[in-house]
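Scroll down for the structure; my scribbles are underneath it.
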Amino acid sequence: MNKHAKSVLPEGAKARQVYLSLRDQISDGRFQDGQTLPGEQKLSEVFGVSRVTVRRALDALAASGLIIRRAGSGTTVSTAGQLDKPVAMNLATLMPQLVEMGQSTTARLLSFSYDVAPDFVASALGLPGDEQVQIATRVRSTNQTPFSHLTTYVPAEIARNYSENDLATTPLFKLLERGGVQIKDAHQSVSATLAGPEVADALEVAVGSALLSLRRVVKDVDGNGVEYLAGLYRPDMFRLEMPLTRVGDGNARHWEPAIGKTPEEGA
């Protein structure tokens, strides 16, 4: 993965929102390398802010190495060597890839507590309504760039086998297995959502930015729920892929997931 220029966030909520919105548009290719951005006056009209606010946002983009500002010739996008390529994940083999990613990235623990399991967690894990769970929220980063916001719920009886510090330094799967949990299987679902203020701040994206949303319920060999994960991922840093194979005969011919294959193998 290419080295990413560390974000230089501007002062002021409005300037930061403009900065994050423009950075997202550069990241996803709506503004491409070498393209000239609209002028300050046009941007101030688009975002409904003052030119001073726009100027602060542009200064931060320039400091991050994503644009070049030249008097008299406008502002040009310059992303060569600056933007990370998204981490590509095969949907058919997503679990082991996420575990491997957890071992090669850094995590920052945002919160850690014990409380009664929310209804949706208790239902998913098959817990009594008054069961306590450990609730931990972490942000994972690569090359100092945050790409995922993860909240995990683990039954308290299991979670007390590891510490808050352990969770900040070791992937959760390793901690569960170290504590004697024999994991058998999991069910995952993937959808999309929008970034709220707290998540947007943690992932350094604009409020309302599109995010990939992953939900995972993990069970042990006895069928007991041992972990509920709610993960949010930046789509400019993380994408899901699924190779497909054309199968069947005649009118019954259809697409089918090529389980366990890379996109190239399934093409």
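What you see is a predicted model, and the numbers here were worked out from it, not measured in a lab. Values below: every heavy atom of this structure, side chains too, minus hydrogens, waters and symmetry copies.
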#### Entry: Step-by-step side-chain contact (heavy atoms from CB on, under 4.5 Å) determination, L20 to V205
CA-CA 5 Å; L20 292 172; V205 298; 5.5 Å; no

### Task
State plainly whether one hydrophobic cluster holds both V154 and Y114, where clusters connect Ile, Leu, Val, Met, Phe, Trp and Tyr through side-chain heavy atoms under 4.5 angstrom apart.
yes

### Full working for side-chain contact (heavy atoms from CB on, under 4.5 Å) between L229 and V218
CA-CA 8 Å; L229 167 72; V218 181; over 6 Å; no

### Message
For a 4.5 angstrom cut-off between non-hydrogen side-chain atoms, does D166 reach R178?
### Response
yes

### Task
Apply side-chain contact (heavy atoms from CB on, under 4.5 Å) to L58 and L37, showing your working.
CA-CA 10 Å; L58 294 177; L37 291 181; 4.1 Å; yes

### Query
Do V46 and L22 sit in the same hydrophobic cluster, where Ile, Leu, Val, Met, Phe, Trp and Tyr count as joined when their side-chain heavy atoms come under 4.5 Å apart?
yes

### Query
Same cluster or not: are L150 and L211 linked, directly or through other Ile, Leu, Val, Met, Phe, Trp or Tyr residues, by side-chain heavy atoms under 4.5 angstrom apart?
no

### Query
For the atom pair CG (L110) and OG1 (T151), what is the distance rounded to the nearest 0.5 Å?
8.0 Å

#### Entry: Contact summary for L43 and P38, nearest pair of heavy atoms
CD1-O, 3.5 Å

### Query
Considering residues, nucleotides and ligands other than Q41, do more than 12 of their heavy atoms fall under 6.0 Å from its CD?
yes

### Query
Distance from S78 atom OG to D33 atom CG, nearest 0.5 Å?
5.5 Å

### R70 CZ: over 12 foreign heavy atoms closer than 6.0 Å
no

### Query
At their closest point, which heavy atom of A15 faces which heavy atom of R56, and how far apart are they?
CB-CB, 3.9 Å

### Message
Do V139 and H149 have side chains that approach each other closer than 4.5 Å (heavy atoms only, starting at C-beta)?
### Response
yes

## Note on the structure
Smallest heavy-atom separation, A124 atom then V217 atom, equals O-CG1, 3.6 Å

### Query
Between the side chain of R69 and the main-chain N/O of A62, is any donor-acceptor distance below 3.5 Å?
no

### Task
Identify the heavy atoms of A107 and R140 that sit nearest to each other, and give their distance.
CB-NH1, 3.6 Å

### Query
Are any non-hydrogen side-chain atoms of F47 and K14 less than 4.5 angstrom apart?
no

### Task
Look at the side chain of N161 and the backbone N and O of I158, then say whether any donor-acceptor pair between them is shorter than 3.5 Å.
yes

### Message
Let me check something: do I26 and V18 share a hydrophobic cluster, defined by ILVMFWY side-chain heavy atoms less than 4.5 Å apart, either directly or through other members?
### Response
yes

#### Entry: Heavy-atom side-chain contact between T76 and T36 under 4.5 Å
yes

### Task
Show your reasoning for whether side-chain contact (heavy atoms from CB on, under 4.5 Å) applies to Y162 and Q134.
CA-CA 11 Å; Y162 56 87; Q134 177 202 88; 3.0 Å; yes

#### Entry: Rounded distance [0.5 Å steps], CG in L214 versus OG in S189
6.5 Å

### Summary
Between R16 and D201 the two heavy atoms that sit nearest each other are NH2-OD1, 2.7 Å

### Message
Membership question, hydrophobic clusters at under 4.5 Å side-chain separation (ILVMFWY): are L175 and F112 in the same one?
### Response
yes

### Query
What distance do E227 atom CD and L172 atom CG have between them, rounded to the nearest 0.5 Å?
4.5 Å

### Task
For L203 and R23, work out which heavy atoms get closest and say how close.
O-NH2, 4.3 Å

### Message
Tell me if a side-chain donor or acceptor on T170 pairs with a main-chain N or O of L167 at a distance below 3.5 Å.
### Response
no

### Query
Under 3.5 Å, side chain of D222 to main-chain N/O of N224, donor-acceptor pair present?
no

### Message
Does any part of the side chain of R234, heavy atoms only, come nearer than 4.5 Å to the side chain of T145, both counted from C-beta?
### Response
yes

### Query
Between the main-chain N or O of Q188 and the side-chain N or O of R216, is there a donor-acceptor pair closer than 3.5 Å?
no

### Chi angles and distances behind the side chain to side chain donor-acceptor pair (under 3.5 Å) call for T106, R108
CA-CA 7 Å; T106 59; R108 179 166 61 97; over 6 Å; no

### Query
For P128, does its backbone N or O pair with a side-chain atom of E131 as donor and acceptor, under 3.5 Å?
no

### Message
Would you compute the distance between atom OG1 of T75 and atom CZ of R55 and round it to the nearest 0.5 angstrom?
### Response
10.5 Å

### Query
Can you tell if the side chain of T152 reaches within under 4.5 Å of the side chain of R138, non-hydrogen atoms only?
yes

### Message
A quick test of your reading: do over 12 heavy atoms of other residues, nucleotides or ligands sit less than 6.0 Å from CD of E177?
### Response
yes

### Beyond-backbone contact of P155 with L127, side-chain heavy atoms, under 4.5 angstrom
yes

### Query
Quick check: are there more than 12 heavy atoms from other residues, nucleotides or ligands sitting under 6.0 Å from CD of E157?
no

#### Entry: Straight-line distance of R51 CZ to K42 NZ, nearest 0.5 Å
13.5 Å

